[in-house]
Asker: 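Okay, here's the structure, questions in a sec.
Just the heavy atoms: all of them, side chains too, but no hydrogens, waters or symmetry mates, feed the values below. Letters A, B, ... are given to chains in the order of the sequence lines, protein chains preceding strands, and every chain is numbered from 1.
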Amino acid sequence: MLEDKSFNYNVNKVLERRFFSRRSTVVAKDLIGKILVRRLSGEVYLRGIIVETEAYGGLKDPASHAYGGMTKRNEAMFGEAGFSYVYFTYGFHHCLNVVTGKIGDAQAVLLRALEPIQGLDIMRKFRRDKCSDLNLTNGPGKICEALNIDRSLNKVDVAKSASSIFLEQASNDEVGRIDERRKIVSSTRIGITVGLEKRWRFYDPSSIYVSHRSKLNLPRKRIR
DNA sequence: TAAAAGATCCGCT
DNA sequence: GCGGATCTTTTAA
């Protein structure tokens with residue numbers, strides 16, 4: 001059965017274009033505590049609180065896909081802020097980014113982990129019932145599998161609630177649980193071999209939904 | 001043709 | 001719980 005809250009959901013305040021047209025490091029940090037929404041056909045919504053992101057710095061960042069200039073794959077990164085950049089990697093997985101900065105900057109923020117809050121039954125199905133709820137969306141590839149995101153959702157305008165992917169503020173009853181853990185921490189980025197001097201990974205250290213928790217020596221149970 | 005912004009399974013504690 | 005091998009294909013050289 002589908003969860004009731006997947007339907008009849010009133011969209012919160014959607015993040016505007018100007019939110020995204022800042023530096024990727026700033027946007028990455030500000031996205032912690034915001035909500036990623038995936039709208040499926042039939043007005044069904046899957047939602048999760050963003051608890052982990054990574055900033056990528058464009059042409060001058062050796063860890064970025066945009067390093068070395070525009071290609072067929074990274075084209076979206078060179079476009080307008082507030083659009084999605086979805087890529088396929090390691091033969092299996094998709095990853096979701098949001099383009100930031102000015103046109104041509106090729107900056108982006110990778111969404112790495114969510115706390116799932118709405119539509120969990122559907123997310124479990126997309127994940128083929130192979131994991132616990134804790135592991136539904138605690139990694140960039142897992143987010144895309146749980147929310148059924150692939151390259152067909154590249155270059156989607158995530159600053160519009162009519163889109164199949166968009167970003168919004170938390171609602172009033174959700175604000176409380178987010179403000180409590182508003183302490184954001186940075187670290188080096190994960191899965192890269194260059195650019196390791198930058199601490200451009202941002203996360204909420206109190207969230208149990210952050211990826212690679214054991215390696216970070218973080219508590220595995222919720223702190224309250 | 002080799003490396004990649006990853007996740008899972010397997011064998012060990 | 002933990003590390004490492006393995007899965008697989010797009011991308012760019």
Side-chain angles (χ1 to χ4, degrees), chain A residues 20 23-25 27-29 31-32 36 48 50-79 83-101 105-114 116 123-155 158 165 185-203 208-222:
Chain A
F20 300 106
R23 281 177 25 235
S24 60
T25 47
V27 176
K29 193 173 179 182
L31 276 173
I32 305 295
L36 174 67
I50 296 169
V51 298
E52 179 184 346
T53 61
E54 273 176 7
Y56 285 86
L59 290 160
K60 289 178 286 184
D61 178 4
S64 171
H65 286 170
Y67 187 68
M70 186 158 63
T71 63
K72 193 174 178 183
R73 174 173 65 161
N74 67 23
E75 192 178 49
M77 295 179 87
F78 289 81
F83 281 75
S84 63
Y85 165 47
V86 180
Y87 67 89
F88 184 68
T89 192
Y90 290 101
F92 280 96
H93 307 295
H94 298 273
C95 292
L96 170 65
N97 295 246
V98 181
V99 177
T100 79
D105 284 353
Q107 295 183 15
V109 174
L110 171 67
L111 303 185
R112 288 195 55 90
L114 306 178
M123 292 187 203
R124 290 183 199 110
K125 288 202 180 86
F126 282 137
R127 294 275 284 134
R128 285 167 279 163
D129 294 314
K130 66 188 170 197
C131 65
S132 65
D133 287 357
L134 190 64
N135 290 303
L136 272 180
T137 52
N138 64 344
K142 298 177 186 180
I143 289 178
C144 287
E145 191 169 291
L147 302 188
N148 197 27
I149 293 169
D150 61 21
R151 277 169 297 179
S152 70
L153 296 173
N154 190 32
K155 294 185 183 176
V158 301
I165 309 172
V185 170
S186 71
S187 75
T188 56
R189 293 171 288 183
I190 289 180
I192 55 172
T193 54
V194 288
L196 288 165
E197 72 285 358
K198 309 280 194 207
R199 298 177 67 84
W200 282 358
R201 172 173 179 252
F202 302 93
Y203 61 94
I208 57 173
Y209 294 94
V210 168
S211 70
H212 295 246
R213 288 198 72 73
S214 55
K215 287 178 189 167
L216 293 164
N217 222 4
L218 292 171
R220 291 183 197 94
K221 292 188 176 178
R222 191 188 293 272

Asker: If you go through the side-chain atoms of A/Y87, does one of them form a donor-acceptor pair with the base of B/dA5 closer than 3.5 Å?
Answerer: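 It does, because a donor-acceptor pair links the side chain of A/Y87 to the base of B/dA5 below 3.5 Å.
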Asker: Between A/E75 and A/M70, which heavy-atom pair has the shortest distance, and what is it?
Answerer: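 Closest approach of A/E75 to A/M70: CG-SD, 3.9 Å.
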Asker: Return the value, rounded to whole Å, for the distance between atom CD of A/E75 and atom P of C/dT11.
Answerer: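 Nearest whole value for this atom pair: 12 Å.
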Asker: CG of A/L196 versus C1' of B/dA5: gap in Å, rounded?
Answerer: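 Rounded to the whole Å, the gap is 12 Å.
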Asker: Please determine whether a side-chain nitrogen or oxygen atom of A/H65 lies at a distance below 4.0 Å from atom OP1 or OP2 of B/dA5.
Answerer: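 A/H65 to B/dA5 OP1/OP2: side-chain N or O found under 4.0 Å.
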Asker: Is the distance from OP1 or OP2 of B/dT8 to the nearest side-chain N or O of A/R127 less than 4.0 Å?
Answerer: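 Yes, within the criterion.
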Asker: What do you reckon, do A/F92 and the base of B/dA7 stack, with centroid distance below 5.5 Å and planes below 30°?
Answerer: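 Per 5.5 Å and 30° rule: no stacking.
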Asker: So which nucleotide does B/dA5 pair with, by the Watson-Crick or G-U wobble rule with both distances under 3.5 Å?
Answerer: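 Here B/dA5 is not engaged in any pair, so there is no nucleotide opposite it.
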Asker: Select one nucleotide: of B/dT8, C/dT10, B/dA5, the one nearest the side-chain heavy atoms of A/F88.
Answerer: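 Taking heavy atoms from C-beta onward, the closest nucleotide is C/dT10.
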Asker: Between A/R73 (CZ) and B/dA5 (P), how many Å, whole number?
Answerer: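 About 7 Å, once rounded to whole Å.
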Asker: Identify, between A/T89 and A/K72, the residue whose nearest nucleotide on DNA chain C lies closer to the 5' end.
Answerer: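 The 5'-side residue here is A/T89.
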Asker: Between A/Y85 and A/H65, how do the two ring planes meet: parallel, tilted or perpendicular, split at 30° and 60°?
Answerer: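 Rings of A/Y85 and A/H65: perpendicular, over 60°.
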Asker: Provide, to the nearest angstrom, the distance between the CD1 atom belonging to A/I208 and the P atom belonging to C/dG1.
Answerer: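 Interatomic distance, CD1 of A/I208 to P of C/dG1: 14 Å.
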Asker: Might you confirm whether atom CZ of A/R127 has over 12 heavy atoms from other residues, nucleotides or ligands at distances under 6.0 Å?
Answerer: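 Check passes, neighbour count above 12.
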Asker: Taking OP1 and OP2 of B/dA4, is either one under 4.0 Å from a side-chain nitrogen or oxygen of A/T193?
Answerer: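 Checking B/dA4 against A/T193, a side-chain N or O does come within under 4.0 Å of OP1 or OP2.
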Asker: For A/D133, is there an ion pair with A/R124 - N to carboxylate O distance below 4.0 angstrom?
Answerer: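 The answer is yes: the pair qualifies as a salt bridge.
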Asker: Between atom NE2 in A/H94 and atom C1' in C/dT11, what is the gap in whole Å?
Answerer: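 Going from NE2 in A/H94 over to C1' in C/dT11 covers 15 Å.
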Asker: Determine: side-chain N/O of A/R201 to OP1/OP2 of B/dA5, distance under 4.0 Å, yes or no.
Answerer: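 For B/dA5, neither OP1 nor OP2 has a side-chain N or O of A/R201 closer than 4.0 Å.
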Asker: Could you identify the nucleotide paired to C/dT8, looking across every strand shown and requiring Watson-Crick or G-U wobble geometry with both distances under 3.5 Å?
Answerer: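 Result: none.
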